[in-house]
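Below is one structure, written out as structure tokens, with a few remarks after it.
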Amino acid sequence: MLKQAVLDKLNDQLAKEAYSAYLYYSMVGYFESVNLKGFANWMLIQAQEEMTHMHKLFNYINDRGAQAVLQQVAQPPHTWDSVEACVAETYEHECMISEAINECVTLAIKENDHPTNTMLQWFVTEQVEEEANADDLLQKVRMIGDNSSGLYLLDNELSRRTFVNETEG
Ligand code: OFO
């Protein structure tokens, strides 16, 4: 049985993961609009991963005999001043999500909820990768600067990213 405070926090996190998916889908649209299809692919994989994060929390809440309550998802931005601005928002967003996950863990520990703490450790580890991936992309974009050949090559590289459901197995 989940305590109400933990349930509320997990429902909030569910909404944050939904917003993450929404944000990255919006970035897919942006990159498609500026004909950077590799970047669009990278964001699409990102959005798909967020859906699996949402699903993992949703299943966990249900498994604990509680009900996942979906919240309103805010409208994300749909345009950015530059490729760098868009990728920088990705990195900042992931840092914010890491903080939110840490707050969930802190509450689970305070409420002596070991199963929730154990489940959340998957997210703690995942966020290290999420931040590292976004930071890696941001550093590459910054290195390229205004070099269009570099941007072309990076876009090509990003088109090879494929989706793996890391919440399974
Ligand atoms: Fe769900 O990890 Fe990104 O936001």
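Both counts, for ligands and for their atoms, begin at 1 and track the order of listing.
- Ion pairing of Lys56 with Glu17 is absent here, as no side-chain N (NZ or NE/NH1/NH2) approaches a carboxylate O to less than 4.0 Å.
- In Glu130, the N, O or S atom that comes nearest to atom 3 (Fe) of ligand 1 is OE2.
- Residue contacts to atom 1 (Fe) of ligand 1: Glu17 brings an N, O or S atom closer than 2.8 Å.
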| message | Assess the residue pair Ser26 and Phe31 against the criterion (side-chain contact (heavy atoms from CB on, under 4.5 Å)); give the C-alpha distance rounded to whole Å, side-chain angles, the decisive distance to 0.1 Å, and a yes or no. | response | CA-CA 9 Å; Ser26 190; Phe31 282 122; over 6 Å; no
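- The shortest heavy-atom distance from Met54 to ligand 1 is not under 4.0 Å.
- Nearest heavy atoms, Leu2 versus Leu7: CD1-CD1, 4.2 Å.
- Residue contacts with ligand 1, taken as heavy atom pairs separated by less than 4.0 Å, do not involve Glu126 at all.
- Atom 1 (Fe) of ligand 1 has an N, O or S atom of Glu50 inside 2.8 Å of it.
- Taking a cut-off of under 4.0 Å to the non-hydrogen atoms of Gln127, the atoms of ligand 1 that pass are 1 (Fe), 2 (O).
- At a 3.5 angstrom cut-off on N or O pairs, Tyr24 does not count as close to ligand 1.
- For ligand 1, the atoms lying closer than 4.0 Å to a non-hydrogen atom of Ser20 are 4 (O).
- Listed by number with element, the atoms of ligand 1 under 4.0 Å from a non-hydrogen atom of Ile97 are 4 (O).
- Summarising the geometry of Glu131 relative to Ser98, their closest heavy-atom pair is OE2-OG, 2.6 Å, with the distance given to 0.1 Å.
- Across Leu14 and Ala68, no two heavy atoms sit closer than the pair CD2-CB, 3.8 Å.
- Residue Glu49 does not touch ligand 1, judged by heavy-atom distances below 4.0 Å.
- Closest heavy-atom contact between Val73 and Ala18: CG2-CB, 3.9 Å.
- The nearest N/O/S atom of His53 to atom 1 (Fe) of ligand 1 is ND1.
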| task | Please assess Gln71 against Asp12 for the test side-chain hydrogen bond (donor to acceptor under 3.5 Å, both in side chains), listing each intermediate value before the final yes or no. | result | CA-CA 8 Å; Gln71 301 173 9; Asp12 287 350; 2.8 Å; yes
| Trace of the side-chain hydrogen bond (donor to acceptor under 3.5 Å, both in side chains) decision for Ser20 with His93 | CA-CA 8 Å; Ser20 300; His93 181 74; 2.8 Å; yes
